[in-house]
Amino acid sequence: MDDESFGDVQRPTPLGPGSGRAGDAIPEQLLAGLNQPQREAVEHRGPALLIVAGAGSGKTRVLTHRIAGLLATREAWPSQILAITFTNKAAAEMRERVEQLVGEESRGMWIRTFHSACVRILRREAEEFGFKDSFTIYDSGDVRALLKRLIKERGADIQGLTPGSVAARISNAKNELHDVDSWARTASLENPLDAAFLELWRDYDRELRRANAFDFDDLISQTVFLLRAFPRVAAQYRKRFRHILVDEYQDTNAAQYALIRELTQPVTRAELPDLRADLPGASLTVVGDSDQSIYAFRGADIRNITDFERDFHGARTILLEQNYRSTQNILSAANAVIGNNFDRRAKNLWTDSGDGAKIIGFTGYSGHDEAQFVADEIVELTSAGMSYSDIAVFYRTNAQTRALEEVLIRTAVPYKVIGGTKFYERAEIKDAMAYLITVANPDDALSLRRIMNVPKRGIGPATEAALQAHADQHQITLRDAMRRVDEIALGPKVAAAIKDLAALLDELSARPEADPGEILRELMSRSGYTDQLRRSPDPQDAARLENVEELVAVTREYRRQNPGGNLIDFLTETSLVAAADELDDSGGQVSLMTLHTAKGLEFDAVFITGIEEELMPHRMAAMEPGGEAEERRLFYVGITRARQRLHLSLAMTRAQFGQVNPAAPSRYLEEIPAELIDWRTPPTTMRATSSQRAVGRWRDLPRESFVTGYRDAPKALPKGPKREFANTITEVRDNSGMVLEPGDRIRHKDFGEGRVQAVTGVDKKRVAEVLFDGAGRKRLLIKIAPIEKLSP
DNA sequence: TACGAGCTTTTTTTT
DNA sequence: AAAGCTCGTA
């Protein structure tokens with residue numbers, strides 16, 4: 001930690017924010033190459049600045065140059081700067097770019113996400129606040145698990161309260177900065193459902209406190225409560241941070257807004273007697289774009305940005321509209337779509353870099369067929385020289401990855417799913433993490449319960465209940481009850497197992513500063529966890545063992561990257577990783593992610609898939625007030641990620657929950673001018689009957705773009721044999737023994753017969769390039785492709 | 001207590 | 001399609 005100094009914040013110049021520029025002028029090299037509004041945004045000084053930054057308008061550049069300017073002119077020490085982003089990746093990028101501009105001098109800035117900044121404050125002030133600084137953080141899975149138990153205990157499930165719904169309500173309330181009591185005062189408790197909910201929330205908060213844990217929403221709201229309850233603490237942070245910058249301001253919720261407000265209050269000598277004079281509030285710079293507000297569902301309030309000038313006295317607003325990212329065709333599509341949202345401040349993105357290629361549209365027969373289009377196009381793009389890592393595929397829901405992954409694997413396109421079912425959500429990883437949490441935070445009963453009988457120790461629900469009863473009776477923690485197992489009447493075998501586990505955990509808890517990787521390795525081997533996996537005949541357990549070993553490696557790597565980082569540090573970091581943080585540019589892989597995850601990123605080529613009614617707008621979102629407009633913004637965000645090539649695709653049928661349903665093109669597609677899209681059709685999969693059915697469902701606004709795409713396409717298609725749905729190619733296949741050479745004839749389950757042109761790669765990664773008689777040229781991963789070799 | 005067969009549920013996006 | 005849950009049996 002390089003920036004712990006609080007008492008003697010140095011002030012390089014006698015001038016505070018709002019008092020004009022300090023001695024030195026901003027070096028010309030920090031302003032060179034900026035357009036006029038960008039330059040103004042870097043140079044402006046005052047109490048509050050709103051930078052309305054359209055997609056691709058260089059806002060990160062402006063932010064980093066602004067920070068660099070503050071440092072270069074000695075208006076601020078690094079320790080006086082707090083920059084807040086939404087993801088660690090954005091924070092890391094910002095830090096890196098500021099470092100590039102001003103070098104070493106940037107050390108000591110706080111560039112963090114909302115959540116990690118709050119964790120830092122909470123840990124530092126934990127004692128004052130009545131918490132232990134070893135607190136752990138519950139993710140949404142933990143929250144659900146805890147609520148599930150509480151609901152069951154109360155018998156509240158009969159009232160229709162589910163873990164998901166209760167979790168969402170608590171989360172919303174906390175984001176609105178309510179606590180149980182303030183919420184209770186506003187609610188009408190005649191409603192039995194509300195009354196039950198309130199009881200559950202009380203139980204939940206009590207359990208969290210007992211477990212010495214916070215949920216995600218607590219991290220922000222408790223920090224706000226802390227600052228409000230302890231003016232002296234608040235004054236220290238207000239004195240310290242003289243320049244606060246917030247990225248993606250349109251996505252802030254009420255709690256985050258309140259946090260910013262708290263931190264930008266002035267400080268008086270009455271609060272901090274060692275001050276020479278009263279200090280004005282920190283200067284605040286926020287950057288955002290209300291057209292990219294896509295997080296209303298987690299409490300983001302668009303009014304935070306639209307009302308900024310009214311909220312922060314003396315605010316100045318600067319608009320950035322020139323786009324440096326995309327071609328004009330892409331921008332025109334984006335502008336046309338977002339133009340359908342009324343009630344927005346007019347903004348028009350433009351570029352001077354030319355029209356570029358047309359947008360490519362594709363309608364598949366099924367989601368699988370659509371995925372095949374994506375794979376084929378990717379092969380085409382990469383053989384034309386584009387790198388895999390410059391390509392991204394977006395979708396609305398995580399469930400859509402299945403078809404995409406199947407086809408990409410088969411086609412031997414390297415890819416990485418960003419977010420989604422993460423590594424950390426696998427059962428064995430959660431087990432291992434629960435062991436670590438139990439060591440770091442002995443009060444956490446949820447994690448302890450999870451591992452108590454994993455691996456099997458004969459500690460079943462009955463034994464667990466006995467332990468819990470003993471704990472309740474003596475007002476001790478579950479962990480204490482395990483230590484005092486002799487006081488409970490249990491079988492000798494079970495008692496010994498409990499004692500052993502407690503002893504192992506206690507031994508490692510006594511070494512909080514040890515290498516987390518070493519702690520994990522010892523836990524896994526001494527608890528018998530790895531042995532149990534190793535002995536198992538289930539081949540899946542071999543994979544699980546590998547995952548656990550991978551986690552040990554990750555943990556070791558953490559210590560290498562963060563010398564001295566202890567177990568709590570490691571757990572905090574892993575709790576707060578965002579999906580976008582997983583991106584790794586070096587990988588040479590196509591990135592797959594949801595449209596939400598895509599925000600803030602950009603790629604040369606972008607595929608937006610599943611542009612259908614019910615999916616975009618999603619049927620769940622379409623019902624909510626403002627949902628339709630938010631879904632449109634989501635589509636807009638997707639479009640504006642593309643630099644050169646944009647592909648829009650949909651399918652006429654979509655499988656969901658194992659059922660195949662007809663799908664209609666999204667209303668948003670109609671909003672794109674027809675001349676911008678070059679509609680293609682699937683080469684072999686569209687049948688006249690089904691396409692007519694789809695056209696029939698198509699809304700009766702026959703815009704050119706669709707008519708040409710739909711009416712002409714089926715006629716041009718070869719009338720092949722009736723195809724089955726391509727959705728069912730999941731049987732396990734292993735062709736690793738198959739030897740293929742150029743010239744061989746093969747038959748493919750979907751593509752029919754073809755001739756092998758070339759074979760590349762080795763071993764498991766052998767890829768055949770095949771020219772199919774009907775389906776054209778494809779690349780196939782030999783090991784798993786649904787193919788058979790025909791006699792030569 | 002452990003396990004497996006057979007049943008039901010899934011409802012979006014994420015720090 | 002897949003994960004979670006219940007209930008009966010060893």
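Below, chain A is the first sequence line, B the second, and so on; all start at residue 1.
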(message) Counting only side-chain nitrogens and oxygens, does A:Asn398 get under 4.0 Å of the OP1 or OP2 atom of B:dT13?
(response) yes

(request) Measure the distance between the ring centre of A:Phe297 and the centre of the six-membered base ring of B:dT13, then answer whether it is under 5.5 Å with planes under 30°. (result) yes

(request) Whole angstrom is fine here: how far is it from CG in A:Asn175 over to P in B:dT14? (result) 16 Å

(message) Between the side chains of A:Arg396 and A:Glu614, is the shortest nitrogen-to-carboxylate-oxygen separation below 4.0 Å, so that they form an ion pair?
(response) no

(message) Just the rounded figure in Å: distance from P of C:dG4 to CD1 of A:Ile151.
(response) 17 Å

(message) Nearest whole Å is fine: how far is B:dT13 P from A:His596 NE2?
(response) 9 Å

(request) For the residue pair A:Phe135 and A:Phe131, categorise the inter-ring angle as parallel (less than 30°), tilted (30 to 60°) or perpendicular (more than 60°). (result) perpendicular

(request) Between A:Phe657 and A:Thr597, name the one whose nearest nucleotide on DNA chain B is closer to the 5' end. (result) A:Phe657

(request) Kindly say if A:Ser575 contacts the phosphate of B:dT15, meaning a side-chain N or O under 4.0 Å from OP1 or OP2. (result) no

(request) Establish whether the base of B:dT15 is bridged to the side chain of A:Arg298 by a donor-acceptor pair shorter than 3.5 Å. (result) no

(message) Do the side chains of A:Glu628 and A:Arg667 get close enough for a salt bridge, i.e. N-O under 4.0 angstrom?
(response) yes

(request) Take the protein atom CG of A:Leu595 and the nucleotide atom C1' of B:dT14, then report the distance between them rounded to whole Å. (result) 14 Å

(request) Would you mind checking if A:Asp179 and A:Lys174 are paired as a salt bridge, meaning a charged N to carboxylate O distance below 4.0 Å? (result) no

(request) Using whole Å, report how far CD1 of A:Ile294 lies from P of B:dT15. (result) 11 Å

(message) Once you apply a heavy-atom cut-off of 4.0 Å, does A:Phe86 come out as touching a base, just sugar-phosphate, or nothing?
(response) sugar-phosphate

(request) May I have the distance from A:Leu615 (atom CG) to B:dT11 (atom P), rounded to whole angstrom? (result) 15 Å

(request) Go through B:dT12, B:dT11, C:dT6 for me and flag the one nearest to the A:Arg396 side chain. (result) B:dT12

(request) Can you establish whether the number of heavy atoms outside A:Arg261 located under 6.0 Å from its atom CZ is more than 12? (result) yes

(request) Give a yes/no answer on whether the side chain of A:Thr594 brings an N or O atom under 4.0 Å of OP1 or OP2 in B:dT14. (result) yes

(message) Nearest whole Å is fine: how far is C:dA1 P from A:Asn661 CG?
(response) 13 Å

(message) If we count only N and O atoms by modelled type, under 3.5 Å, do the side chains of A:Tyr636 and A:Arg632 hold a donor and an acceptor together?
(response) no

(message) Base, sugar-phosphate or nothing for A:Thr113? Non-hydrogen atoms, less than 4.0 Å.
(response) nothing

(message) Regarding A:Glu624, tell me which of base, sugar-phosphate or nothing describes its non-hydrogen contacts under 4.0 Å with the strands shown.
(response) base

(request) Could you pull out all residues at least two apart from A:Asp139 that satisfy side chain to side chain donor-acceptor pair (under 3.5 Å)? (result) none

(request) Using atom CD1 of A:Ile170 as one end and atom P of B:dT14 as the other, report the distance to the nearest whole Å. (result) 21 Å

(request) Assign a letter to each nucleotide of nucleotides 1-6 of chain B from its 5' end: B, base within under 4.0 Å of a protein heavy atom; S, sugar-phosphate only; -, no contact. (result) SSS---

(request) Assess A:Arg641 against A:Phe603: is NZ or CZ under 6.0 Å from the centre of the six-membered ring, and within 45 degrees of the ring's axis? (result) no

(message) Could you tell me how far C:dG4 sits from B:dT13 if I compare only their C1' atoms? Round to whole Å.
(response) 23 Å

